[in-house]
Amino acid sequence: METTDRRGPAEDLAQEVAQGVAEGGLPGGAGQLPQVLYDAPAAVLMIDLDERRVVYANAAAVELTGHRVSLPVDIDAWGDAAGLTDLGGKRMSETSSPLSLVAAGIPVAGEPVAVHDAARRGSTATEEQREASEGRLLWVTGFVLGPGGLGEAGQRLPVPEELRSRALVVFLQLSGSEHGDRRRLEVLRDRAVVATDMSFTITDPRRADDPLIWVNPSFTRLTGYAVEDAVGHNCRFLQGRNTDPASIERIRAALRAQEPITEVLLNYRKDGTAFWNQVSISPVVDGAGDLVNFVGVQNDVTERVLVEQERRAALADAEEARSQLRLLAEASTQMTEALGVEDACHGLARLVVPQLADVCAVDLLDRPGSGLPRRVAVAARDRADEDRIARMGDLRDHRGGRGGTTGHVLATSEPVLLSDLPEHGADRYDDPDAAELYDRLRMRSAIVVPLRARGRVLGALTLVTQHPYGRRYGQKDLHLATDLAGRVGLTVDNARLYEREHAAAATLQHSLLPAVPEVGGLQLAARYRVGTDGNQVGGDWYDVLPLPDGAVGIAVGDVVGHDLSAAAAMGQLRGVLRSYAWDGGRPGSVLDRCDQLVQGLEMASMATAVYARLEPPDASGDRVLRYANAGHPAPLLLTPEGELRRLDEHLSPMIGVVPTLGRVGEEGRTEATLTVPAGALLLLYTDGLTDIAGEDADERADLLERTLREIPADSPAEAVVDQVLAACEPHHVRDDIAVLAVRLER
């Protein structure tokens, strides 16, 4: 009997009852009517047939009377106290009520009754009062416990002496209101078949071990145990190896507390077959409130439980599918954002642990199809296991065809699923060191899949679960790992292509830049950083050119663009500038002639450049500096006294911008002239150092100037360049950076 708070609307309950009857559903059969009983609250009475009195009642039955009567009590007095009426509003004591029939020894298969507060005040209540006090609808079932009451034809049930003249009455709440439900209840009353096919039991808690003292034939049909097998024993004989101990303990706790309980648990019939049993147990007390019996109702809900399990399994499968899609999406995103091969592999390993594995390892071949694989990334729940799995890779020969799971995968390009790994390392490895590492890793299940791309095997991905909590891998996991490995393989292959192209581009870029010459009286240092935008080559350059007249030409420039065309244009422009500077031309005219050639031959679209001519030193070691600037960031001059000067005079447009600049008859670029003392430092650079996307250019320029001021005055040029880059180089070099430092020796 249900004692929880689960209640459905009246319409739903009535519809389920009607459906159960319509489907031919005797309780315990295929219909749904028993479920209605167990999903609604119920009250239980025990009637003394000889005295027509209610002698025992459970808490729900006592609550019906509002605690107005004390047991034992006359059956009609109890009905009046409970406010029971027929559907016409007449009191039970004024009609041939279901209670009267049961008290007369006549079983009631099922009858609807109503609860009216007005009935508690007697039959003098007005029609208006009755209408206003319409209350709950109850379904009444009653049967005699003794022989002839519930037994089948020719069958005599052994009944304890104290129950031979007793009957059991069950009240089930059908709805919260009588209004609107009468037509349905008329159908139910005509077709009701509730009572005798339900499984009922009665125990006596006053006896040792609370044994069964009565069961009805439905219990026998449900469980397969004959009456003589059940009566006299505690009903735990229905339990088996897979019965949930927690459910059993909840039932025991409720019985100790003398509280009603409903529990669904796995029970076993006499022939050993299992079924899901919904057990409702209600305590029955006497007039003094002392416990005398427990009444139990059993129902086979196997079909319902299996449907619910299938629903939960389907939901779990759907959630697992969503989780797998999220994992693949995250992996794809992380792979796309990876900056290199090892970065991609480390990101993958960190992603799959712990979502898919407890331990992950990624092995890559130095070149596809050959060589000893290198373990490039590991991840584990336990950081100590990362070192162990890395050492395991060092101990094992994973070359294709050399044995071992990884070697087999690399040689055959076929994934391997190891659902159950040996418990001990000695059962898997001859090498004692490998066996010891295996034992420490506590491996339970493993998957090894190849990393493939463009028809080639690039390496292998290993996933491992660990004892005691790691799951056992199956085919679904293998499919997911294979899909994941395919994405990783393509990312690794693309990253390798990127790295090769990047290396080739960097080599090309550096080949276009000169080696910094040794020049007497000057310390020279230069650095070049390749950006990550475009094709990893660009138009930045620097140059130092000792001239025939003893002067030194110094240049820094930047051709617009980050591709091979820009790099080629940079090489041409640098060569042109060197040739014009070699002739001894002044800085402004050198840039003008470069501008004319660039526009005439369409060498490049636009470029910035600074060209300076540092004259030979005078007797004091000072030098005259002449410079011209075509749209380039201003060089910085730091004097021996620590004064910083920005060389931003006589700025002119970028090369390639003004078509007539520097032509015959037109005024060309002008130049600035200043004296640079011995010990001074000159710094030239390109805008990759100061113009960073998302950052303020003025703040970047201030950072550079502040860094230069803080450098000790006697720092050599090499140290100056290193300190500038350490402080000012962006985290991700997206644009090329060229830096040139010139220190005038004392």
Side-chain angles (χ1 to χ4, degrees), residues 1 25-31 33-34 37-38 44 46 49 105 107 109 141-170 193-243 247-248 251-252 255 261-282 284 292-303 305:
M1 284 166 285
L26 291 176
L33 195 53
L37 287 173
Y38 303 129
V44 178
M46 193 173 291
L49 300 179
T141 297
F143 46 87
V144 177
L145 298 179
L150 197 59
E152 297 175 346
Q155 180 187 21
R156 296 184 62 81
L157 300 179
V159 178
E161 184 64 33
E162 64 269 26
L163 299 181
R164 287 184 177 273
S165 61
R166 301 289 167 84
L168 198 66
V169 181
V170 178
V193 283
V194 175
T196 57
D197 277 358
M198 293 176 60
S199 173
F200 281 89
T201 59
I202 299 177
T203 70
D204 189 348
R206 296 171 296 183
R207 299 184 186 180
D209 204 27
D210 190 19
L212 292 167
I213 59 173
W214 180 86
V215 298
N216 70 344
S218 292
F219 177 87
T220 297
R221 290 193 294 271
L222 175 65
T223 66
Y225 286 95
V227 174
E228 56 271 18
D229 296 330
V231 171
H233 302 281
N234 186 284
C235 60
R236 71 173 63 91
F237 58 77
L238 295 175
Q239 300 169 17
R241 60 185 179 277
N242 292 323
T243 304
S247 297
I248 298 172
I251 292 176
R252 289 174 177 170
L255 297 183
I261 186 173
T262 296
E263 192 75 34
V264 176
L265 69 166
L266 194 67
N267 279 168
Y268 293 82
R269 297 183 175 90
K270 187 174 183 179
D271 62 6
T273 59
F275 70 102
W276 287 99
N277 191 8
Q278 182 168 282
V279 180
S280 296
I281 303 174
S282 182
V284 176
V292 291
N293 294 110
F294 284 110
V295 174
V297 182
Q298 298 80 32
N299 183 33
D300 184 350
V301 293
T302 302
E303 183 177 354
V305 172

Kindly compute the distance separating [atom1] ([X]) from [atom2] ([Y]), expressed to the nearest 0.5 Å.
| X | Y | atom1 | atom2 | answer |
| --- | --- | --- | --- | --- |
| L145 | M46 | CG | CE | 6.0 Å |
| N216 | S199 | CG | OG | 5.5 Å |
| I202 | L212 | CD1 | CG | 10.0 Å |
| R269 | L222 | CZ | CG | 6.0 Å |
| R252 | I261 | CZ | CD1 | 12.0 Å |
| C235 | I251 | SG | CD1 | 7.5 Å |

Taking only residues two or more places apart in sequence, or in another chain, which ones meet [X] in a side chain to side chain contact (heavy atoms under 4.5 Å, CB included)?
| X | value |
| --- | --- |
| T220 | V227 |
| R206 | D204, V292 |
| T302 | F275, W276, D300, L306 |

Going by the rule side-chain hydrogen bond (donor to acceptor under 3.5 Å, both in side chains), which residues pair with N234 if we only count those two or more places apart in sequence or in a different chain? none
Which residues share a side-chain hydrogen bond (donor to acceptor under 3.5 Å, both in side chains) with N293, sequence neighbours left out: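 For N293 there are no side-chain hydrogen bond (donor to acceptor under 3.5 Å, both in side chains) partners, ignoring immediate neighbours.
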Would Y268 and N242 satisfy side-chain contact (heavy atoms from CB on, under 4.5 Å), going step by step from the backbone distance to the final call? CA-CA 9 Å; Y268 293 82; N242 292 323; 3.3 Å; yes
Side chain of T243, backbone of L266: donor and acceptor closer than 3.5 Å? yes
Any residue meeting ring-ring contact (aromatic ring centres under 6.0 Å, His included) with Y225, in chain and number order, not counting sequence neighbours: F237
Flag the pair [X] / [Y] as yes when at least one side-chain heavy-atom distance between them is below 4.5 Å, and no otherwise.
| X | Y | answer |
| --- | --- | --- |
| I281 | V279 | yes |
| L168 | F143 | yes |
| L238 | Q298 | no |
| V215 | T223 | no |
| Q278 | V305 | no |

